[in-house]
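Step one of this worksheet: look at the structure below.
For the numbers below, each heavy atom of this structure counts, side chains included, while hydrogens, waters and symmetry mates do not.
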Amino acid sequence: MSRLIIVLLQLYRYTLSPLLGARCRYAPSCSQYAIEAVGKYGALKGGWLTMRRLARCHPWGGHGHDPVP
């Protein structure tokens with residue numbers, strides 16, 4: 001399951017993301033964060049960490065370096 005999620009995220013990064021432009025407030029980007037989190041923790045916990053990260057990505061949220069724990 002984790003492998004499928006990572007492949008889908010990479011597909012997004014190389015197809016849709018260039019069309020939308022760089023908009024992530026954090027480093028690494030949200031998609032790279034998701035790939036690292038799912039690769040390190042698996043589909044469930046990595047997915048949860050990714051959803052938490054995406055919830056913080058708004059105009060009043062933080063910014064800067066935010067690595068996978």
Side-chain angles (χ1 to χ4, degrees):
M1 186 66 160
S2 296
R3 175 64 93 180
L4 175 63
I5 292 171
I6 290 172
V7 168
L8 291 173
L9 286 166
Q10 288 176 339
L11 182 66
Y12 163 77
R13 286 187 70 201
Y14 295 113
T15 58
L16 294 176
S17 184
L19 297 174
L20 299 174
R23 296 177 184 208
C24 195
R25 302 173 56 86
Y26 294 102
S29 68
C30 294
S31 59
Q32 182 61 37
Y33 182 95
I35 290 170
E36 291 177 20
V38 170
K40 186 173 182 180
Y41 293 110
L44 288 177
K45 185 172 182 183
W48 173 250
L49 290 171
T50 300
M51 289 181 4
R52 286 182 48 207
R53 166 74 178 268
L54 291 172
R56 291 191 311 262
C57 198
H58 55 79
W60 301 282
H63 62 281
H65 187 65
D66 182 28
V68 175

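More than 12 non-hydrogen atoms from other residues, nucleotides or ligands lie less than 6.0 angstrom from CG of Leu54.
Distance CD/Gln10 to OG/Ser31: 9.5 Å, rounded to 0.5 Å. Rounding to the nearest 0.5 Å gives a distance of 8.5 Å between OG1 of Thr50 and CD1 of Ile5. In this structure, CZ in Arg53 is found 11.0 Å from CZ in Arg25, a value given to the nearest 0.5 Å. Note that SG of Cys30 and CG of Asp66 are 8.5 Å apart. Values are rounded to the nearest 0.5 Å. The structure places CZ of Arg13 at 14.0 Å from CG of Leu8, a figure rounded to the nearest 0.5 Å.
Screening Leu44, Val38, Val7 against Ser2 for a side-chain contact (heavy atoms from CB on, under 4.5 Å) leaves a single residue, Val38.
The shortest heavy-atom contact between Tyr33 and Leu49 is CE2-O, 3.7 Å. Across Ala34 and Leu9, no two heavy atoms sit closer than the pair CB-CD1, 3.6 Å. The minimum heavy-atom distance between Ala43 and Met1, with the atom names listed, is CB-CG, 4.0 Å.
Counting only heavy atoms from C-beta outward, the side chains of Tyr12 and Leu20 approach each other to under 4.5 Å.
Remark: side-chain polar atoms of Lys40 are paired, donor with acceptor, to backbone N or O of Pro69 under 3.5 angstrom. Side chain of Tyr26 to backbone of Gly62: a donor-acceptor contact under 3.5 angstrom is found.
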